[in-house]
Each structure stands twice: as structure tokens, then as C-alpha cells.
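Order of appearance sets the numbers: ligands from 1, and atoms from 1 within every ligand. Index from 1, following the sequence. Source: prediction; values computed, not measured.
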Amino acid sequence: MAPHPDDVERRIGARSFARLLGDWRPPGGRRLTAALADRVRLLVLDGRLPLQMRVPAERELAAALNVSRTTVAAAYEALREAGILHSRRGSGSWTQLPAGSDDGVSSPFSPHGDRTLFDLAHAALPAPAELRGAAALAVEDLDAHLGGHGYDLLGLPALRAAIARRFTARGLPTPPDQILVTSGGQAAIALVLAALVTPGDRVLVEHPTYPNALDAVRARGARCVPVPLDLTTAGADAWDLELVTAAVRDAAPRLAYLVPDHQNPTGALLDSAGRERLVALARRTGTPLLIDETLAELTLTGIPQAPVAGYGAAESPLVVTVGSAAKVLWGGLRVGWVRTAAPLIRRMGALRAATDLGGPVLEQLLAARLVDDLDPVVRARRAELAAARDHLLGRLASAFPGWRPSRPSGGLSLWVDLGAPVSSRLVGAARRQDVLLAAGPRFGLAGAFERYLRVPYTLRRDRVEPALERLVTAWHTLDEVAPDAEPVAVA
Ligand SMILES: Cc1ncc(COP(=O)(O)O)c(C=O)c1O
């Protein structure tokens, strides 16, 4: 595959660099060197500054930033010591990842430990630049908690309040007693299933859907009732609500698990008419809806939809919403939440004690800081992801002209029709090329979706081309491999 021009440019000019640095100066202009070094480090670690990129000469950057050359020289020196820059005498400095970042154990369950692996099994982004500053503030906030015992089954009040404010800002008035904080969205799903479903019950699911939710339903001893999505569209038509209604009537599920906001894996977004119909169905039949909003903040084109509970079920236990900080902020935070009627929240808090006595205080303080100032992060994420989606679509069109990817209006991945039922074999062949992928059948029941592959657009830009080259090799060696049988962690 010919290299794409985006992936060939290996130097960045002083003015572009200054622009990328953004508003890096600390208030009061103190500790300029440390602030500059910190910002560059973050840009490299979160992938906005590609690896092996030549940074501007000290004098040029000093002029562009209007700081002394000594400040830039000291920042570069600190970055060299931290292993973020390496220099060749007289010829400049290049970005790199610190040596320790590829020392970790490498396995399909811990792929980040190995830089040579291309991880397309996790649709997830690196932490935003804002995380470090918020972490410093969270450490200060911690003082007020150190005198207490640190346990809270419902979650730290400051974070419950911040999440409640975010719902309110999204058009769904929410008091903090309607929020329970969990250790991630997955734990939120498991807790809701523990509260509402008993072994042997049926749970309606979209088909395809998020694999770990299917596993959580199975782990609860419940049976999935799949309702097919229309895979020819990533719009609201993906849901046939007549079919959903018929499945509720015929199978009498105990609960319906739905992902109406940039559904994982299809990216489809349900419109307001559909949301209204879902709530009406829940009311008519008494079937609670478990609405997974994990990807709701990541609308790339158009306007995000209001939360489903906002369609007349703001205080009803019939709509239980789960959310997560993982996709909009960072998976490493391990913060998620449940929003529903306050009495059900209290019941779930009591149930939670069987498996877990609350989340870590520091992470919750950090999440509270970030959730309270989410708009700048969301804006940056949306712009970044829209560009990444279009870039990947363009590259896939030339590398795999026979594939038919979706063009979702949000979320983190494309759902690709491969044109033949070879997804598991492709994933096996890709594994041999050090590319981790989740095959279509992971998102379905009984081996469905062998023609489909989920491809996230979350790889750093300078890793897309090499990953696609390996995928092309894998595509041409399909006949040599058995379908991938080894499990891979998916998010
Ligand atoms: C739809 C959906 N729900 C829940 C989760 C789990 O989120 P968390 O990482 O917060 O446990 C994910 C993660 O991939 C997801 O895509």
C-alpha cells in the first residue's frame, strides 16, 4: 500500500507546534519550563504529536512562543531525560515513547504493554490533555476526605452531584440521589442486572450488540432475546420498533438492554420519535429499559439526542440509564454510573455490597473535576474523532475496495461488511500480523455476523497506515489460517 501523505511528514514547524500546544502557560507565568515540558509530553502520550516527529529548533520555538530560548532548551532537556525526545547531535530532536512504555506484559488482555501490537479490539482513546491538571487538583481535594473512612456505596457525593449536573445540562433534570457511581459502565450493567433480573429470565438485546453486556446477561443466568438491527443504515432506521414491540409481547423479557446512542458496534443513533416510542412501550408493558449511554457524548455530526429517560420517565424506575467516563474521558479512570429513580438507586447501593464496597476516592475526585468541565474535552474529542473517522474511511476505501463500512454519526468505530463470511479467519490472520481485532460474531449470538468486522478509528494517526498494511497482508493470507479461537479483551 502506498504511504499516505499524512503519515510521511515527519517534522512540524514552530507555528504549527505552538498552535498544537494551545493554552499551555500556567496562570501567573510561573514554572514555564515544567508547564511546556508537561504539555509536550501529553501531546506525545495521547498521540496528537506522532512518534518520530522532528520538533522545531529551540530558537524557532522560543520565538513562536515568545519565551526565552533557555526556557525551551530546559524543557527539551527535561523531555530528553523523561525519554519523550531523543536527539542526534547537530541534527535536531524527535519524539518517542519513554522506554518503560513497552516493558509491560503483552497479551490479548493487556495489549497496551506492547507497542508492536496494533490494538483494534478496544474502541477507546488515550486520556485527554486535561486529565493531568485535574489529577493535581484532585490530590488537593483529597485532603478533605482523609479524615473519614473513605467508603461510600452510592459514590462520592461530589461526583454524584457532578454527574447529576451533566444530565441536567443535557436536558434531563437530575438530583444527585438519582445517581449511583460504579467502577465503570460494565459494573453498572452488572449491578442493574443483579437488581432487576433473576436467573432464567429473558433479556431483550439488540443484535448485534456490545459483547460484554451479552456476557453479563449470561453470567446472570438469563437468556438473551435478540432483536435484529438493520445493518444497511447507521441512522435511526436501524431499529425496527415494531419488531422490538413484538419481541416484548412474545418473549415477555424481564428487561430490555438498548444502546440508542451510537450503538456499539453499529454506531446507529435513535431519533427522538424512537425514544418516545421506547418509553411508551416500557410504560405499556411494565418492561424496564436498561439504556446504555456509554457513547452518548460522542456525536460527531449533528446534534446529540436527549437522554431516553427525558421522554417522560425522568423519575421512573422503568428507565435505568448507565453511563461511563471511559469513552469520553478515559478507560483507565474506571468510573461509570447508574441513573434511575432514587428508591431503586438506594436498593442497588445495598446490593452492591455483595461484590464491592464503593469506588476509589481519588479517582472519583478526579472524575468529578473532569465531568464538571466536560465541554472542552467533548469538543476536542468530537473534532479529533470526526477527522479520524473520515481518514480511516478514506484509507479503507483504497486498501479494501470490496468492503462496505458504515459511516456512523458518532461513536468510535466503523461496522464493516466484508462481503464474505470470513471475519473470524481475518481476525486470526491479523493476530499473526500483530493486529488485534474483535470478529463480528463477538457482537452476536450463535455465530452471527461472520460477514462483519468492527474497526475502531481510535488508533493514533501514525499507527493507522502500518496497521492497515498488516491487515492487507492478513486479508491475502486468509486461506492459511484457522479462525481465531483465542479470546481477546474487547471494549
Ligand atoms: C456500549 C458500552 N457499554 C459499556 C462499556 C463499558 O464501559 P467501561 O469501560 O466504563 O466499563 C463499553 C465499553 O466498551 C461500551 O462500549
>> For ligand 1 and Gly185, I'd like to know whether there is a polar contact (N/O to N/O, distance under 3.5 Å).
In response: yes
> Lys327 heavy atoms, cut-off 4.0 Å: which ligand 1 atoms fall inside?
Replying inline: 13 (C), 14 (O)
> Who gets closest to atom 3 (N) of ligand 1 by heavy atom: Asp292, Thr182, Thr209?
Replying inline: Asp292
>> Can you name the atoms of ligand 1, numbered from 1 with element, that are less than 4.0 Å from a heavy atom of Arg334?
In response: 8 (P), 9 (O), 10 (O), 11 (O)
>> Please tell me whether Thr340 and Gln178 have a donor and an acceptor in their side chains that are separated by less than 3.5 angstrom.
In response: no
>> Among all the protein's non-hydrogen atoms, which is closest to atom 6 (C) of ligand 1, and how far away is it?
In response: Tyr210 OH, 3.3 Å
>> Quiz question: by atom type and distance under 3.5 Å, do the side chains of Thr245 and Glu242 form a donor-acceptor pair?
In response: no
> Distance-only, no hydrogens or angles: does the Thr174 side chain make a donor-acceptor pair with backbone N or O of Thr168 under 3.5 Å?
Replying inline: no
>> Which of the numbered atoms in ligand 1 are under 4.0 angstrom from any heavy atom belonging to Gln186?
In response: 6 (C), 7 (O), 8 (P), 11 (O)
> For Trp475, does the CH2 atom sit with more than 12 other heavy atoms under 6.0 Å from it, leaving out its own atoms?
Replying inline: yes
> In terms of heavy-atom contacts, does CD1 of Ile303 have more than 12 from other residues, nucleotides or ligands at under 6.0 Å?
Replying inline: no
>> Out of all atoms in ligand 1, which are within 4.0 Å of some heavy atom of Ser324? Include the element for each.
In response: 7 (O), 8 (P), 10 (O)
> Can you find a side-chain donor-acceptor pair between Thr233 and Asp230 that sits under 3.5 Å?
Replying inline: no
> Are His122 and ligand 1 in contact, using a heavy-atom cut-off of under 4.0 Å?
Replying inline: no
> Between Arg202 and Asp250, is the closest basic N to carboxylate O distance under 4.0 Å?
Replying inline: no
>> Show me which atoms of ligand 1 lie under 4.0 Å from any heavy atom of Gly184.
In response: 10 (O), 11 (O)
> What's the shortest distance from atom 16 (O) of ligand 1 to any protein heavy atom, and which residue and atom give it?
Replying inline: Asn264 ND2, 2.8 Å
